[in-house]
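The figures here come from the full heavy-atom set of this structure, side chains too, leaving out hydrogens, waters and symmetry mates. Values in this document were obtained by computation on a predicted structure and should not be read as measured data.
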Amino acid sequence: ARFWRAWNRRIASEKEALARGIEQEEKATITAAKIALLSLGIRPQFLSEYEQSVRRQQSEERGIKLSYILSDEFLEIARVRTGMDDPTFYDMKDTFFFGDNAIGKNKICPR
């Protein structure tokens with residue numbers, strides 16, 4: 001019984017490390033946690049599903065970072081895509097989310 005409790009604690013600890021790594025986008029932490037979980041006998045399919053669920057949850061809970069929306073980088077993207085100096089979100093809607101050049105069009109949403 002002691003072995004299984006220690007094993008379960010180690011798995012929980014590595015899952016937490018993986019979630020923190022994903023949140024901070026620290027590739028080394030993500031890789032180390034995955035390797036540790038695999039070495040503890042976690043199947044690759046479960047690990048992949050767990051990582052996707054963590055990314056989905058973090059995406060749903062956090063959304064986009066305000067610091068990015070307020071950044072010069074985002075402002076430049078908005079200006080280029082809309083052709084306006086100070087576009088509103090309504091101005092950005094079509095050029096950002098619809099058509100052949102929609103942002104993220106060929107990416108899978110983590111949600």
How long is the span from the CZ atom in R79 to the CG atom in D72, to the nearest 0.5 Å? 8.0 Å

Any chance you could measure F89, atom CZ, to I69, atom CD1, to the nearest 0.5 Å? 4.5 Å

Heavy-atom pair of closest approach, residues P87 and D91: CA-OD2, 3.5 Å

Same apolar cluster (I L V M F W Y, side chains within < 4.5 Å links), L38/I11: yes

Return yes when atom OH of Y68 has more than 12 non-hydrogen atoms of other residues, nucleotides or ligands closer than 6.0 Å, and no otherwise. yes

4.5 Å side-chain heavy-atom contact, R2 and R5: yes

Between E49 and R56, is the closest basic N to carboxylate O distance under 4.0 Å? no

Give, for atom OG1 of T82 and atom NZ of K93, the distance between the pair rounded to the nearest 0.5 Å. 13.5 Å

Would you check if L18 and L37 make a side-chain contact, meaning some heavy-atom pair closer than 4.5 Å? yes

Heavy-atom closest pair, residues S39 and A36: OG-O, 2.7 Å

Are M84 and M92 connected, step by step, through hydrophobic side chains (Ile, Leu, Val, Met, Phe, Trp, Tyr) whose heavy atoms are closer than 4.5 Å? no

Cluster overlap I35 with Y50, hydrophobic side-chain contacts below 4.5 Å: no

Over all heavy atoms of both residues, which pair between R81 and N101 is shortest? Give the atoms and the distance, please. NH2-O, 2.9 Å

Do I77 and F96 have side-chain heavy atoms sitting under 4.5 Å apart? yes

Could you state whether F98 and I103 fall into the same hydrophobic cluster, counting links through intermediate Ile, Leu, Val, Met, Phe, Trp or Tyr residues with side-chain heavy atoms under 4.5 angstrom apart? yes

Does the side chain of T29 reach to within under 4.5 Å of the side chain of R20, using non-hydrogen atoms? no

Going by heavy atoms in the side chains, are K15 and I42 under 4.5 Å from each other? no

Inspect the contact between E14 and R10 and indicate whether a charged nitrogen and a carboxylate oxygen are less than 4.0 angstrom apart. yes

Separation between OG (S48) and CZ (R43), nearest 0.5 Å, reads 12.5 Å

Is there a donor-acceptor pair closer than 3.5 Å between any side-chain N or O of Q58 and the backbone N or O of A19? yes

Nearest 0.5 angstrom please: F3 CZ to N8 CG, how far? 9.5 Å

What's the spacing between I30 CD1 and E23 CD if we round to 0.5 Å? 11.0 Å

Relative to the ring of W4, is the ring of W7 parallel (under 30°), tilted (30 to 60°) or perpendicular (over 60°)? perpendicular

